[in-house]
Amino acid sequence: IHFPGGNQKKLLIDSATTVAEAMNAVSDKIDLDDPSGYAMYKVIGNVERVLPRDANMCDVVASIVALGMSMNNRLRYKFVMKKRLFLDTDQEEPKADAYVLYPQAIEDSLAGRLPLTEIQACKLAALVLQH
């Protein structure tokens, strides 16, 4: 399972593992108390799609492999876990949230998926320099 910023965690799954179970297992590994604001994405090339929590991980992999075979091509894919929403709040984010949100904000802003004001871009740049 990949995270924004290039970090990743290995996860052992079986034929019955759902997306929700995989997310809970990863959350335990990174000390994330509540994974409810997060989602698992399947990423093929530069296309990202949110996976339903009740989807079976092995079924998703099988569908990607089948798609690649129908195109006579081996598709490169990965699973990414990231926060679904950015909330403007005065509450301090837990440390585990920062593990995902900071690199996600950088990636999304550079890719143009996160529109920023000039002030917000300056603040993010300052955080990058401090990191």
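Note: hydrogens, waters and symmetry copies are ignored here, and every other heavy atom, side chains too, is used. Residues: numbered from 1 along the sequence shown.
- Closest of all the heavy-atom pairs between V50 and A39 is CG1-CB, 4.0 Å.
- The only option from L11, V19, V26, V61 that meets the side chain to side chain contact (heavy atoms under 4.5 Å, CB included) definition with F79 turns out to be V61.
- Partners of A62 according to the side chain to side chain contact (heavy atoms under 4.5 Å, CB included) rule, which considers only residues two or more places apart in sequence or in another chain, do not exist here.
- For K82, the side-chain hydrogen bond (donor to acceptor under 3.5 Å, both in side chains) test picks out E48, with sequence neighbours left out.
- Contact record, S109 with L116: CB-CD1, 3.5 Å, taken as the closest heavy-atom pair.
- Here T17 pairs with D14 under the side-chain hydrogen bond (donor to acceptor under 3.5 Å, both in side chains) rule; sequence neighbours left out.
- What you find for S63 and V60 is that their closest heavy atoms are OG-O, 2.7 Å.
- Take S15 and apply the side-chain hydrogen bond (donor to acceptor under 3.5 Å, both in side chains) test, not counting sequence neighbours, and it matches no residue.
- With values rounded to the nearest 0.5 angstrom, Y38 atom OH is found 4.5 Å from K83 atom NZ.
- Between Q104 and F3, every side-chain heavy-atom pair lies at or beyond the 4.5 Å cut-off.
- Judged as a side-chain hydrogen bond (donor to acceptor under 3.5 Å, both in side chains), and not counting sequence neighbours, the contacts of T117 are Q120.
- By the 6.0 Å contact criterion, NZ on K123 is open, its count of non-hydrogen atoms from other residues, nucleotides or ligands being 12 or less.
- M40 places a side-chain heavy atom less than 4.5 Å from the side chain of I1.
- The side chain to side chain contact (heavy atoms under 4.5 Å, CB included) test applied to R76 returns no partner, not counting sequence neighbours.
- Considering all non-hydrogen atoms of both residues, P35 and M81 come closest at CB-CE, 4.5 Å.
- K78 meets the side chain to side chain contact (heavy atoms under 4.5 Å, CB included) test with H2, V43, V80; sequence neighbours excluded.
- The distance from the CE atom of M57 to the CE atom of M23 is 10.0 Å, given to the nearest 0.5 Å.
- I44 is linked by a side chain to side chain contact (heavy atoms under 4.5 Å, CB included) to I64, L75, Y77, counting only residues two or more places apart in sequence or in another chain.
- Separating the CG atom in D59 from the OG1 atom in T18 is a distance of 11.0 Å, to the nearest 0.5 Å.
- One hydrophobic cluster holds both I13 and V65 under the rule that ILVMFWY side chains link at heavy-atom gaps under 4.5 Å.
- Within 6.0 Å of CG on L12 lie no more than 12 heavy atoms contributed by other residues, nucleotides or ligands.
- One distance of note links CG of L32 with CG of D34; it measures 7.0 Å at 0.5 Å rounding.
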